[in-house]
Engineer: 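Dumping the structure here so I can ask a few things about it.
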Amino acid sequence: MPDNLIVPPPPSLYATGRRSAARPDLSRPVLVQVAIIVAAFVVGGLAAGLAAATLWTPPTGMVLEDKWYRGLISIDPPAIGQNIDQGVFAATAWFSVCAIVLGLLVGIAAAVWLNRSELVTLAALTVGGAIGGGLMLLVTSLLSPEDPNGLAKGAADGTVLEDSFQLASPWLILLVPGSAMLALMVIFLMWAPHPVADHELDEQQAGTER
């Protein structure tokens with residue numbers, strides 16, 4: 001063997017261990033993705049709740065014999081105004097619109113820019129959407145006028161009070177994660193890679209052999 005031929009020594013276990021420890025943590029981007037989605041729902045839920053409470057016009061009513069009557073505009077003689085339908089129906093409608101818009105926006109953004117892991121994105125949209133819907137309900141409740149039925153007790157007849165923000169069902173908060181998952185699935189189905197048919201693979205292989 002020539003003297004100038006030097007065989008490099010095998011890598012030590014210490015060096016191998018250092019290289020293994022230096023591998024990047026692949027879970028970190030996924031956790032960042034989850035944090036961004038949840039944060040978007042938190043901020044969006046607060047904004048959507050504020051929008052729903054602002055767009056909704058509370059109906060008014062008058063107190064008569066310690067009871068509040070929605071739409072009552074005169075007690076002598078009693079007369080009902082035109083804003084009687086602006087209560088639960090209008091509050092539910094505005095809440096639903098804002099919730100669906102919030103879910104669609106975050107769902108589309110997550111499907112386009114935060115799609116590193118589809119299952120993680122789906123789970124983050126489900127949990128974050130529920131949080132966003134709950135925050136919407138909390139904001140609308142805080143910004144809502146007080147319950148006029150409680151304020152009517154002891155109030156003078158003819159006192160004008162506004163109705164409180166009420167929903168047809170508290171389960172409407174699920175519109176946020178529901179619309180977000182719908183947007184996610186639609187985009188994933190549209191952009192999913194289509195498998196190549198077997199006959200196309202045979203043609204490509206035959207062309208390569210030629």
Side-chain angles (χ1 to χ4, degrees), residues 37-111 122 124-187:
I37 293 175
V38 174
F41 274 119
V42 169
V43 176
L46 297 175
L50 177 61
T54 304
L55 294 171
W56 174 69
T57 302
T60 59
M62 282 189 177
V63 177
L64 180 61
E65 297 179 354
D66 292 338
K67 292 183 179 181
W68 181 79
Y69 295 92
R70 180 187 294 112
L72 186 64
I73 59 176
S74 174
I75 60 175
D76 189 21
I80 299 296
Q82 299 298 322
N83 63 347
I84 191 171
D85 295 331
Q86 297 296 319
V88 178
F89 177 78
T92 300
W94 283 119
F95 188 93
S96 301
V97 169
C98 294
I100 293 174
V101 171
L102 170 61
L104 290 177
L105 290 179
V106 179
I108 293 173
L122 180 62
L125 288 179
T126 304
V127 177
I131 295 175
L135 289 175
M136 283 188 62
L137 184 60
L138 177 62
V139 171
T140 53
S141 300
L142 293 176
L143 298 179
S144 169
E146 296 186 32
D147 185 7
N149 296 298
L151 298 176
K153 297 179 180 179
D157 292 347
T159 302
V160 178
L161 298 175
E162 292 182 340
D163 195 6
S164 58
F165 193 97
Q166 301 178 25
L167 298 177
S169 172
W171 294 106
L172 289 171
I173 63 175
L174 297 180
L175 288 174
V176 180
S179 57
M181 288 186 289
L182 177 61
L184 182 73
M185 289 186 293
V186 169
I187 293 180

Engineer: Could you report the tightest heavy-atom contact between A48 and L102, atom names first, then the distance?
Structural biologist: CB-CD2, 4.2 Å
Engineer: For L175 versus S179, what's the shortest heavy-atom pair and its separation?
Structural biologist: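 Of all heavy-atom pairs spanning L175 and S179, the closest is O-OG, 2.8 Å.
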Engineer: Please lay out, stage by stage, how D147 and L151 fare under the test side-chain contact (heavy atoms from CB on, under 4.5 Å).
Structural biologist: CA-CA 7 Å; D147 185 7; L151 298 176; over 6 Å; no
Engineer: Could you measure the distance from the CG atom of L142 to the CG atom of L50? Nearest 0.5 Å is fine.
Structural biologist: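 Those atoms lie 11.5 Å apart.
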Engineer: With a 4.5 Å cut-off on side-chain heavy atoms, are I131 and F41 touching?
Structural biologist: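 A side-chain contact under 4.5 Å is absent here.
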Engineer: Taking the side chain as everything from C-beta on, heavy atoms only, tell me whether I173 gets closer than 4.5 Å to M136.
Structural biologist: no
Engineer: Give me the atom names and distance for the closest heavy-atom approach of S164 to P148.
Structural biologist: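 So the minimum-distance heavy-atom pair works out to N-CD, 3.9 Å.
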Engineer: Nearest heavy-atom pair of V176 and A99: which atoms, and what distance?
Structural biologist: CG2-CB, 3.6 Å
Engineer: Start with the C-alpha gap between V63 and L161, add the side-chain angles, then the distance that decides, and say whether side-chain contact (heavy atoms from CB on, under 4.5 Å) holds.
Structural biologist: CA-CA 8 Å; V63 177; L161 298 175; 3.7 Å; yes
Engineer: Please round to the nearest 0.5 Å and tell me the distance separating atom CZ of F89 and atom CG of L167.
Structural biologist: 13.0 Å
Engineer: Using modelled atom types and a 3.5 Å cut-off, is there a donor and acceptor pairing between side-chain atoms of D157 and backbone atoms of E65?
Structural biologist: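 Side chain of D157 to backbone of E65, a donor-acceptor pair under 3.5 Å: yes, one is there.
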Engineer: Compare every heavy atom of A155 with every heavy atom of D66, then report the nearest pair and how far apart it is.
Structural biologist: OD1-O, 3.8 Å
Engineer: Rounded at 0.5 Å granularity, tell me how far CD in E162 sits from CH2 in W68.
Structural biologist: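 Answer for the CD-CH2 pair, E162 versus W68, is 9.5 Å.
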Engineer: Looking at OG1 of T126 and CD1 of I37, how far apart are the two atoms once the value is rounded to the nearest 0.5 Å?
Structural biologist: 10.0 Å
Engineer: Within this structure, what is the CG-CG distance for the pair L137 and L172, rounded to the nearest 0.5 Å?
Structural biologist: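 L137 atom CG to L172 atom CG measures 9.0 Å (nearest 0.5 Å).
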Engineer: Atom CG of L64 and atom OG1 of T159: how far apart are they, to the nearest 0.5 Å?
Structural biologist: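 Reported value, rounded in 0.5 Å steps: 10.5 Å.
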Engineer: Grab the two heavy atoms, one from L125 and one from A110, that are nearest each other, plus how far apart they are.
Structural biologist: CD2-CB, 4.1 Å
Engineer: Is there any ring pair (Phe, Tyr, Trp, His ring centres under 6.0 Å) pair reaching into residues 158-180, and which pairs are they, with sequence neighbours excluded?
Structural biologist: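 For residues 158-180, and leaving out neighbouring residues, the ring pair (Phe, Tyr, Trp, His ring centres under 6.0 Å) pairs sorted by first residue read W56-F165.
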Engineer: With respect to Q166, which candidate in T92, V88, T140 satisfies the side chain to side chain contact (heavy atoms under 4.5 Å, CB included) definition?
Structural biologist: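 Of the listed residues T92, V88, T140, the side chain to side chain contact (heavy atoms under 4.5 Å, CB included) partner of Q166 is V88.
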